Amino acid sequence: MMQNFNYYNPANIFFGKGQEEKVGKLTSQYTKTKKALVLNSGDYYNFLGIADVVKSQYDKQGISFVVNGDVVPNPKISLVNKLAGIVKENDIDFILAVGGGSVIDTAKAVSFAALYDGDAWDFFEGKNMVEKSLPIGVISTAASSGSEMSNATIIDNADNKLGVETNLIIPKFSILNPAYTQKTPAYQTGVGISDIMTHMLERYFTTVQDVNLTDRLLEGAIKALIATSYKLKQDPDNYQLRAEVMWSAVMAHNNILETGREPDWGSHRIEHELSAEYGIVHGEGMAIVFPAWMKYTSKILPDKFVQLAARVFDVDTFEVSDQDAINLAINKIQDFFNFQGMKSTLEEVGIKDDSQFKEMGLRATKDDKAPVGHYKKLYSDDIVKILKLAQ
């Protein structure tokens with residue numbers, strides 16, 4: 001039956017063209033010192049003209065700011081600790097993230113690291129709990145992780161990628177202008193769309209019964225993303241299509257689609273080990289791991305896979321066997337990822353040696369004391385089998 005739940009999400013969303021002009025007034029509501037840290041990554045901060053907007057709007061509000069563009073994919077705890085030091089030294093009390101998931105996750109981690117005297121990795125290892133954080137805001141330049149409205153941050157310490165979840169780090173505001181994504185390269189667009197899809201599928205696979213409303217919402221969201229992404233491939237500069245994908249990213253990860261149900265997240269934990277070990281891009285890693293997870297798990301718990309085949313891919317389950325329906329659904333998901341430009345196997349991204357798989361499985365499960373996943377609990381041996389299916 002549907003689980004009890006408490007849904008809370010205070011993020012104030014400003015969606016559409018020109019909304020970035022509000023960044024100064026919005027920030028001024030949350031800073032007492034009138035000092036901000038502005039985080040970004042790569043050339044987009046200047047290329048998209050956001051640097052000029054932030055300076056203009058912050059000048060109008062009398063807000064001084066420090067800019068840091070050192071964030072990279074799979075953000076590192078070393079940078080988080082460094083940025084926390086900058087915040088402390090400069091009496092900064094607000095953080096603005098300009099970019100995608102890596103930048104936003106870094107900002108979230110800095111928001112509580114800056115109020116802590118030790119190594120911020122303590123929070124990710126569970127040695128300390130987040131009890132306070134600085135406010136953050138977002139100007140999004142990517143449609144992918146959905147961090148703009150989520151309560152989670154994922155950080156890498158070179159050995160592990162771990163997460164912290166707390167409502168204290170939900171952004172105070174997120175500005176989403178789809179125009180900023182219109183020039184996103186095809187590969188990065190595909191990475192983002194693949195990530196969005198897996199966020200939906202992670203929530204879809206649940207053992208909780210009688211959650212038909214969220215089942216149907218997820219099925220509709222998956223079908224809409226498939227249809228939109230195929231159109232976008234043909235017309236990548238289309239604002240309306242970019243808007244659909246950008247909002248899909250947020251809706252896929254703001255937890256509204258998991259109310260009353262237990263999402264899985266097993267494949268994400270496996271991919272976190274992959275990207276920590278080999279540095280692969282998260283969206284592409286998920287595009288490789290998730291079909292392998294489907295192949296492995298469907299042999300044990302087939303029902304939800306059959307439902308996915310019937311409701312999303314219109315398979316007539318009276319005409320074909322359950323196994324054929326499952327195989328078709330897995331192939332459709334794999335085809336979707338391939339259409340986004342993602343690789344299908346670990347070998348294709350240069351991972352040919354399986355000697356680290358067992359160690360990765362043990363890290364993910366804390367030496368088999370904490371299995372990952374909810375639809376099917378996975379121990380290290382299960383993870384090794386899934387990774388081998390992904391080869």
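These figures come from a predicted structure and were not determined experimentally.
Counting only N and O atoms by type, the side chains of T207 and K304 include no donor and acceptor under 3.5 Å apart. Judged purely by distance below 3.5 Å, without hydrogens or angles, the side chains of D303 and Q307 never pair a donor atom with an acceptor atom. Between the side chains of D324 and S321, at least one donor N or O sits under 3.5 Å from an acceptor N or O. A donor-acceptor contact under 3.5 angstrom links the side chains of N81 and D119, judged on distance only. Counted by atom type alone, S275 and D156 present zero donor-acceptor pairs between their side chains at under 3.5 Å. In this structure, a donor-acceptor pair under 3.5 Å is present between the side chains of E20 and N177. Remark: the T206 side chain and the Y375 side chain contain no N/O donor-acceptor pair separated by less than 3.5 Å. In summary, the side chains of Y204 and D264 do not present any donor paired with an acceptor at a separation below 3.5 Å, with no hydrogens or angles considered.
Once rounded to the nearest 0.5 Å, the distance linking OG1 of T106 with CG of L37 reads 10.5 Å. Atom CZ of F339 sits about 14.5 Å away from atom CD of Q334, to the nearest 0.5 Å. With values rounded to the nearest 0.5 angstrom, T189 atom OG1 is found 11.5 Å from L241 atom CG. Here the straight-line distance linking atom CG of N157 with atom CZ of F124 works out to 10.0 Å at 0.5 Å rounding. A distance of 11.0 Å separates OG1 of T31 from CD1 of I95, quoted to the nearest 0.5 Å. With values rounded to the nearest 0.5 angstrom, Y7 atom OH is found 6.5 Å from N255 atom CG.
Checked for salt-bridge contact, E244 and K231 miss the test: no charged N lies under 4.0 Å from a carboxylate O. A salt bridge links K82 with D70: the closest approach of a Lys/Arg side-chain nitrogen to an acidic carboxylate oxygen falls below 4.0 angstrom. The pair E219-K223 does not meet the salt-bridge criterion, since no charged nitrogen lies less than 4.0 angstrom from a carboxylate oxygen. Salt-bridge annotation for K34 and D93: absent, with no side-chain N of the basic residue lying under 4.0 Å from a carboxylate O of the acidic one. A salt bridge is defined here as a Lys NZ or Arg NE, NH1 or NH2 lying under 4.0 Å from an Asp or Glu carboxylate O, and K376 with D382 meets this definition.
When the shell of 6.0 Å around NZ of K88 is examined, it contains more than 12 heavy atoms from other residues, nucleotides or ligands. Heavy-atom neighbours of K183 NZ from other residues, nucleotides or ligands within 6.0 Å: at or below the threshold of 12. Residue K233 qualifies as enclosed at atom NZ: its count of foreign heavy atoms under 6.0 Å is above 12.
For the side-chain hydrogen bond (donor to acceptor under 3.5 Å, both in side chains) with H253, the lone residue among R203, E202, E148 that qualifies is R203. Exactly one residue among I139, N12, I13 makes a side chain to side chain contact (heavy atoms under 4.5 Å, CB included) with F173. That residue is N12. Of the options D368, I270, V384, a side chain to side chain contact (heavy atoms under 4.5 Å, CB included) to L378 is made by I270 and by none of the others. Here the rule is side chain to side chain contact (heavy atoms under 4.5 Å, CB included) with L48, and of N46, I50, D52 only I50 fits it.
Side-chain contact between S267 and T198 is absent, with no heavy-atom pair separated by less than 4.5 Å. Put simply, the side chain of F336 reaches to within 4.5 Å of the side chain of S229, judged on heavy atoms. Inter-residue side-chain proximity for L274 and L387 is flagged as met; some heavy-atom pair is nearer than 4.5 Å. Residues K22 and Q57 fail the side-chain proximity criterion, which asks for heavy atoms closer than 4.5 Å. Using a 4.5 Å heavy-atom threshold, the side chains of V110 and L79 count as separate. Residues L346 and Y278 are not in side-chain contact: their nearest non-hydrogen atoms beyond the backbone lie 4.5 Å or more apart. Put simply, the side chain of F337 reaches to within 4.5 Å of the side chain of M197, judged on heavy atoms. With contacts defined as side-chain heavy-atom distances shorter than 4.5 Å, the pair I155/N74 does not qualify.
Cluster membership for V349 and L389, using ILVMFWY side-chain heavy atoms within less than 4.5 angstrom, is shared. Under the 4.5 Å side-chain heavy-atom criterion for ILVMFWY residues, a single connected hydrophobic cluster contains both Y45 and Y180. A single hydrophobic cluster is not seen to contain both Y44 and V138; linkage of ILVMFWY side chains at heavy-atom distances under 4.5 Å, directly or through other members, places them apart. Under a hydrophobic clustering in which Ile, Leu, Val, Met, Phe, Trp and Tyr are joined whenever their side-chain heavy atoms come within less than 4.5 Å, directly or via other members, F290 and I288 fall into the same cluster. Under a hydrophobic clustering in which Ile, Leu, Val, Met, Phe, Trp and Tyr are joined whenever their side-chain heavy atoms come within less than 4.5 Å, directly or via other members, I280 and L162 fall into different clusters.
A cation-pi contact links K17 to Y239, judged by a cut-off of 6.0 Å to the six-membered ring centre and 45° from its axis.
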Candidate pair T27 and Y58, rule side chain to side chain donor-acceptor pair (under 3.5 Å), full reasoning: CA-CA 8 Å; T27 299; Y58 274 12; 2.8 Å; yes
Between K55 and D59, does the salt bridge (charged side-chain N to carboxylate O under 4.0 Å, His left out) criterion hold? Intermediate values first, please. CA-CA 6 Å; K55 185 178 187 312; D59 284 351; 2.8 Å; yes
Between R242 and D237, is the salt bridge (charged side-chain N to carboxylate O under 4.0 Å, His left out) condition met? List the steps. CA-CA 8 Å; R242 291 285 182 178; D237 199 38; over 6 Å; no
Take T33 and D91 through the side chain to side chain donor-acceptor pair (under 3.5 Å) test and state the conclusion after the steps. CA-CA 7 Å; T33 66; D91 196 27; 4.9 Å; no
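Residues F305 and F205 place their aromatic rings such that the two centres sit under 6.0 Å apart. Between F123 and Y116, the gap from one ring centroid to the other is short of 6.0 Å. In this structure, Y296 has its ring center no closer than 6.0 Å to that of W293.
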